[in-house]
A.B. asks: 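Here it is, the structure in full.
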Amino acid sequence: MTDPDLSPAQRMLDAAARVAGRVTGALPEVVGGLDDEDLLAVLADAAEVRAAVDVIVAAAAVEANRRSARELGYDGLAQRKGHRNGASLVQTITGQTRADVNQAVKTGEDLTPSVPPPAVSGTEPAPAVPATPEWLRLLREALTGGVVTQAQFRAIRDGLGGPPIERYPDLDPGFLPAAWATAVEMLLEEAGVFPVEELRNAARIARHRLDPVGVTIRFEERFAERSFRTWTDERGQHHAKIAFDDDGAAWVQSILSAALRPRRGPRFVESSAAERAESARDDRSNEQVQYDTVLAILRTGAAADPAQSFGDRQPGVRILVTADTLTPTTDPDGVTRIRATGVGHLEDGGAALPGGVVESYLCDAGSIPVIRDGAGRPLDVGREQRLFTRKQRLAIAARHGGCIGEHCTAPMSWTEIHHLSHWSHGGRTDVDDGVPLCRSCHLGLHNRGQWITRERAPDGTDTYWLHTPTDPVTGKKPPPVRLRSRSPLRFTVA
């Protein structure tokens with residue numbers, strides 16, 4: 001597999017040779033005749049070829065762009081080849097979209113070594129080349145070494161950004177770069193587990209945790225861009241385009257998640273048994289369900305009974321806030337108020353909300369405290385009841401952030417709590433021994449005979465492992481797979 005010590009060109013040749021060794025005839029007939037293991041091996045090797053080619057294209061694209069700089073005029077490479085600019089030239093040669101070329105150029109720029117600033121005069125010595133920060137070096141080496149693809153690289157690079165040292169003059173100048181390097185190491189480790197979309201979201205969450213001042217800045221920028229526009233096309237079809245602010249998006253997503261949550265659809269009126277049976281055969285697409293839900297919400301309005309509309313969980317925004325971000329302050333008139341000095345994170349997805357928004361929710365809806373012990377573990381209820389309580393679900397959500405099934409990205413609101421030791425076999429309804437699994441992962445675990453164990457380190461931190469029984473055909477037992485938390489609290493706050 002990938003050898004980070006090899007150059008991208010050599011990795012491309014090695015992986016291409018492995019593909020050629022398995023696929024020796026016309027496609028798709030040959031691929032259709034491969035067994036499962038060979039099929040997956042071809043897919044992995046072909047992906048490695050593409051990842052190596054992307055690095056080469058990125059490096060070549062940024063160089064072609066440099067040689068086509070506007071100040072070179074007609075002497076520039078693109079102009080000499082009959083193109084307006086470097087992007088047009090690269091796009092014609094590669095057959096990629098303009099967006100793909102722009103991504104390649106951005107990646108090439110991130111891979112380009114730092115250049116020294118120009119000297120003030122010819123008598124002064126050439127200035128030293130700025131040192132590459134550790135966090136960027138880690139990202140570069142991961143991409144050129146084949147550890148991550150260009151898409152994964154861009155997800156981390158764009159989502160995490162760079163350390164805004166100028167915003168925190170009271171901090172040691174080396175603190176944020178070191179924290180950024182730690183976050184990059186964590187994200188690179190998660191790159192092989194989560195899809196690119198989830199990796200990008202995790203990178204944004206890490207940025208929010210490390211740059212709480214920036215959370216407010218970015219929130220206000222998106223709030224200023226909020227808009228709603230409607231138009232009618234030539235066929236008479238009405239359309240709408242919405243740009244949400246963060247708070248509004250959280251509310252709408254909460255409503256739509258309630259409508260789409262497995263086994264729980266919206267009920268806007270009481271229905272008979274026949275009507276409920278008919279709704280179980282719903283053939284609408286997810287997009288149609290979401291449309292019907294939004295229209296029903298607009299029509300029924302605030303007077304609708306939430307229990308009739310959404311069943312056992314009314315839609316609402318749940319925000320995770322650690323106690324150290326809430327500070328009591330006393331006004332000149334002697335009234336004590338709670339100020340949020342840090343950021344909060346949505347229970348579903350982990351997106352950050354600035355302190356001002358957190359305070360507005362504390363004022364409007366209050367809070368539910370979850371008391372945890374010295375190792376950060378919430379209190380338990382033992383075997384007094386089989387089902388996990390509401391507060392336990394909140395604590396488990398804070399710890400895991402959603403379904404912990406391998407490669408799964410289902411939000412917390414879609415999950416069920418699985419007992420590590422089955423209740424019927426003496427298991428306890430303790431937060432330590434409860435993990436969130438979506439319906440699909442939960443059923444799959446039981447159907448495949450898999451089980452999850454918890455390993456506790458001396459410092460009190462827990463690691464969860466997924467075990468699979470021995471394959472009856474091959475006689476081999478797969479190694480356990482580490483199940484990873486998606487909680488925003490896994491990143492250290494600045």
A.B. asks: Which is it for Q290 and N286 under the side chain to side chain donor-acceptor pair (under 3.5 Å) test, yes or no, and what are the steps along the way?
C.D. replies: CA-CA 6 Å; Q290 292 182 101; N286 283 350; over 6 Å; no

A.B. asks: Just jot down the ring pair (Phe, Tyr, Trp, His ring centres under 6.0 Å) partners of H345, sequence neighbours excluded, or say none.
C.D. replies: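 Result, ring pair (Phe, Tyr, Trp, His ring centres under 6.0 Å) vs H345: none returned.
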
A.B. asks: Please enumerate all residues that pass salt bridge (Lys or Arg N to Asp or Glu O under 4.0 Å) together with R80, with sequence neighbours excluded.
C.D. replies: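 Checked R80 against salt bridge (Lys or Arg N to Asp or Glu O under 4.0 Å); zero matches.
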
A.B. asks: Using side chain to side chain donor-acceptor pair (under 3.5 Å) as the criterion, list what pairs up with R204, not counting sequence neighbours.
C.D. replies: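 Checked R204 against side chain to side chain donor-acceptor pair (under 3.5 Å); zero matches.
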
A.B. asks: With sequence neighbours left out, what residues match H407 under ring pair (Phe, Tyr, Trp, His ring centres under 6.0 Å)?
C.D. replies: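 Applying ring pair (Phe, Tyr, Trp, His ring centres under 6.0 Å) to H407 gives none.
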
A.B. asks: List in chain and number order the residues that pass side chain to side chain donor-acceptor pair (under 3.5 Å) with S227, two or more places apart in sequence or in another chain; answer none if no residue qualifies.
C.D. replies: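 Partners of S227 by the side chain to side chain donor-acceptor pair (under 3.5 Å) criterion come out as none, since no residue qualifies.
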
A.B. asks: Suppose we screen for side chain to side chain donor-acceptor pair (under 3.5 Å). Which residues come up paired with R137, at least two apart in sequence or across chains?
C.D. replies: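 Partners of R137 by the side chain to side chain donor-acceptor pair (under 3.5 Å) criterion, ordered by chain and then number, come out as E134, E141.
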
A.B. asks: Quick one: list whatever passes salt bridge (Lys or Arg N to Asp or Glu O under 4.0 Å) with R486, sequence neighbours left out.
C.D. replies: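 Only E198 meet the salt bridge (Lys or Arg N to Asp or Glu O under 4.0 Å) criterion with R486.
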
A.B. asks: Using the test side chain to side chain donor-acceptor pair (under 3.5 Å), find all partners of D158 that sit at least two apart in sequence or belong to another chain.
C.D. replies: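 Side chain to side chain donor-acceptor pair (under 3.5 Å) check on D158 returns R154.
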
A.B. asks: Suppose we screen for salt bridge (Lys or Arg N to Asp or Glu O under 4.0 Å). Which residues come up paired with R490, at least two apart in sequence or across chains?
C.D. replies: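 By the salt bridge (Lys or Arg N to Asp or Glu O under 4.0 Å) rule, R490 matches E190.
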
A.B. asks: Holding to ring pair (Phe, Tyr, Trp, His ring centres under 6.0 Å), I want the full list of residues that pass it with H442, two or more places apart in sequence or in another chain.
C.D. replies: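 Here the qualifying residues are H418, H446.
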
A.B. asks: Do R66 and T112 have side-chain heavy atoms sitting under 4.5 Å apart?
C.D. replies: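 No - every pair of side-chain heavy atoms lies 4.5 Å or more apart.
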
A.B. asks: Going by ring pair (Phe, Tyr, Trp, His ring centres under 6.0 Å), name the residues that satisfy it together with F219, two or more places apart in sequence or in a different chain.
C.D. replies: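 Expected list: none.
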
A.B. asks: Using a 6.0 Å cut-off, check whether atom CZ of R50 has over 12 heavy atoms from anything other than its own residue.
C.D. replies: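 Check fails, neighbour count at 12 or below.
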
A.B. asks: Cation-pi check, R226 to F223: give yes when NZ or CZ is under 6.0 Å from the six-membered ring centre and within 45° of the ring axis, no otherwise.
C.D. replies: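 Yes - R226 lies over the ring of F223, closer than 6.0 Å to its centre and within 45° of its axis.
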
A.B. asks: Please list, chain by chain and in numerical order, all residues satisfying salt bridge (Lys or Arg N to Asp or Glu O under 4.0 Å) with R235, sequence neighbours excluded.
C.D. replies: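 R235 satisfies salt bridge (Lys or Arg N to Asp or Glu O under 4.0 Å) with D233 only.
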
